[in-house]
There are 2 protein chains.
Amino acid sequence: MDWKNTMTRLGYRISEPRKKIMEVLEGAEVALSPQQIHQQLEHKGFDIGLVSVYRTLDLLTSLELVTVVYDPERNPGYVLSSTGHHHHIICQKCHKAMEFSGTDDIEELIHRVEAETSFQVRDHLLQLFGICPECLNTLNDRGDK
Amino acid sequence: MDWKNTMTRLGYRISEPRKKIMEVLEGAEVALSPQQIHQQLEHKGFDIGLVSVYRTLDLLTSLELVTVVYDPERNPGYVLSSTGHHHHIICQKCHKAMEFSGTDDIEELIHRVEAETSFQVRDHLLQLFGICPECLNTLNDRGDK
DNA sequence: TTCCTTATTGAAAAAGTTTATCAATAAGCA
DNA sequence: TGCTTATTGATAAACTTTTTCAATAAGGAA
Ligand SMILES: [Zn+2]
Ligand SMILES: [Zn+2]
Ligand SMILES: [Zn+2]
Ligand SMILES: [Zn+2]
């Protein structure tokens, strides 16, 4: 299901700002902050208010069409989310965000923690951090560690 | 190893503000934002600048003496980290943060993702969200879902 | 203990991020 | 094509975080 269908089905309008913002997200392989998205829009010549970027991201996030990614060294970033259970791995060098499927990833752990803590687990946040293949090459070429 | 030893060993001083801030963190079972910590200090009659709270938290975090916890509905919070590999489970109702040990939690997953993505995994962020035992009781008493 | 060096603090301001308000605009339907 | 109303942009306010720098105090040396 395409994002336009999802939004239409739920009674939201497909406005120009929303289209442009989605285009930016679709073209990004790095998680982008509201400011970064706003800047990219400016570069492309679209005069869309930063406030609308915030509002659109909030909406898209609540509809689970985009996902928030936490990167300790940056502001929270937004990436397109595909359907299903997914998480992200983020490059600590170039901050590229890549998705991986999350099926059954931590079932056992969740059961163990429920038993240990008596919490009822309802959701989880899982992200991996590391070095992407491209950055690994750069590091190797330079002989860095 | 006690936090004072760690800091002394690394050449940092054990100042009053740092002691007070650690006391607040030691007494907290909820992840606290810089502002919340500052308010608790005020209540206790300690006149410590908010700026020092920020600085101290940054330092403690960099030394891995405290851990940042992400809660989608709140500002990032800080909790004391004990030694070893740990993660946190956060109550979506009262925001209590509880630690659980993370040994071997996602070894397999990491290997799978490394194979799939060619990333070299170096770190991970894992948090569980749910309802704590106390809040579960409250919900049951009230007959809420 | 007292003195000295310098890491650390507090105050104030600046910078940056996010939310609120409301009239003007435009999306989508009839 | 016109109507209804969700959405936008502009502005301002609120809130969070960082910077700067002189004054203070932690902790080692005497
Ligand atoms: Zn990279
Ligand atoms: Zn998962
Ligand atoms: Zn609770
Ligand atoms: Zn772990």
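Below, chains carry the letters A, B, ... as their sequence lines are ordered, and counting in each starts from 1. From a predicted model like this one, the values you see are computed outputs, not experimental measurements.
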S.K.: Using whole Å, report how far NE2 of B:His38 lies from P of D:dC15.
M.R.: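 Taking atom P of D:dC15 as the reference, NE2 of B:His38 is at 15 Å.
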S.K.: Whole angstroms only, please: what is the CG-P distance between A:Leu59 and D:dT8?
M.R.: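 Between P of D:dT8 and CG of A:Leu59: 9 Å.
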S.K.: Give the rounded distance in Å between these two atoms: CD1 of A:Ile48 and C1' of C:dT25.
M.R.: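 The distance from CD1 of A:Ile48 to C1' of C:dT25 comes to 14 Å, rounded to the nearest Å.
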S.K.: Calculate, to the nearest 0.5 Å, the distance between atoms CD and CG belonging to A:Gln35 and A:Asn75 respectively.
M.R.: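 Reported value, rounded in 0.5 Å steps: 6.5 Å.
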S.K.: Would one find a side-chain N or O of A:Arg18 under 4.0 angstrom from OP1 or OP2 of D:dA6?
M.R.: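 So the side chain of A:Arg18 is outside the cut-off, no N or O lying under 4.0 Å from OP1 or OP2 of D:dA6.
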S.K.: Base of D:dG9, side chain of A:Arg55 - is there a donor-acceptor contact under 3.5 Å?
M.R.: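 Between D:dG9 and A:Arg55, which were checked side chain against base, a qualifying N/O pair under 3.5 Å is present.
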S.K.: Any chance you could measure A:Ser101, atom OG, to A:His86, atom NE2, to the nearest 0.5 Å?
M.R.: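 Nearest 0.5 Å value for the OG-NE2 distance: 5.5 Å.
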S.K.: Expressed as a whole number of angstroms, how long is the span from B:Glu16:CD to C:dG10:P?
M.R.: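 Taking atom P of C:dG10 as the reference, CD of B:Glu16 is at 11 Å.
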S.K.: Return the 5'-most residue of the pair A:Asp47, B:Val51 with respect to DNA chain D, ranking by each residue's nearest nucleotide.
M.R.: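 Between the two, 5'-proximity favours A:Asp47.
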S.K.: Rounded to the nearest angstrom, tell me the gap between atom CD in A:Gln39 and atom P in C:dT17.
M.R.: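 Checked: the CD to P distance equals 9 Å.
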S.K.: With rounding to the nearest 0.5 Å, note down the distance linking CD in B:Gln40 to CZ in B:Phe46.
M.R.: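 Separation between the atoms: 11.5 Å.
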S.K.: Nearest-Å distance, CD (A:Glu42) to C1' (D:dG9)?
M.R.: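 Distance check: A:Glu42 CD to D:dG9 C1' gives 14 Å.
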S.K.: How many whole angstroms separate atom OH of A:Tyr54 from atom C1' of C:dT18?
M.R.: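 Whole-Å distance recorded here is 5 Å.
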S.K.: If we count only N and O atoms by modelled type, under 3.5 Å, do the side chains of A:His43 and A:His38 hold a donor and an acceptor together?
M.R.: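 No - no donor-acceptor pair under 3.5 Å links their side chains.
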S.K.: Looking only at side-chain atoms of A:Gln35, point me to the closest of C:dG10, C:dT17, D:dA26.
M.R.: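 Ranking C:dG10, C:dT17, D:dA26 by closest atom to the A:Gln35 side chain puts C:dT17 first.
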S.K.: Mapping B:Arg13 and B:Asp58 to their closest nucleotides on DNA chain D, which lands nearer the 5' end?
M.R.: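 Final value for this comparison: B:Asp58.
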S.K.: Can you tell me how far CG of B:Asp58 sits from OG1 of B:Thr56, rounded to the nearest 0.5 angstrom?
M.R.: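 Here the rounded value is 8.5 Å.
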S.K.: I want to check one thing: is the phosphate of C:dT9, taken as OP1 and OP2, less than 4.0 Å away from some side-chain N or O of B:Ser15?
M.R.: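 B:Ser15 to C:dT9 OP1/OP2: side-chain N or O found under 4.0 Å.
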S.K.: Tell me: CG of B:Asn5 to P of D:dG27, nearest whole Å?
M.R.: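 Answer to the nearest Å: 12 Å.
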S.K.: With respect to the side chain of B:Ser52, which nucleotide from C:dG10, D:dG27, C:dT19 is positioned closest?
M.R.: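 Looking only at heavy atoms from C-beta outward on B:Ser52, the closest nucleotide is C:dG10.
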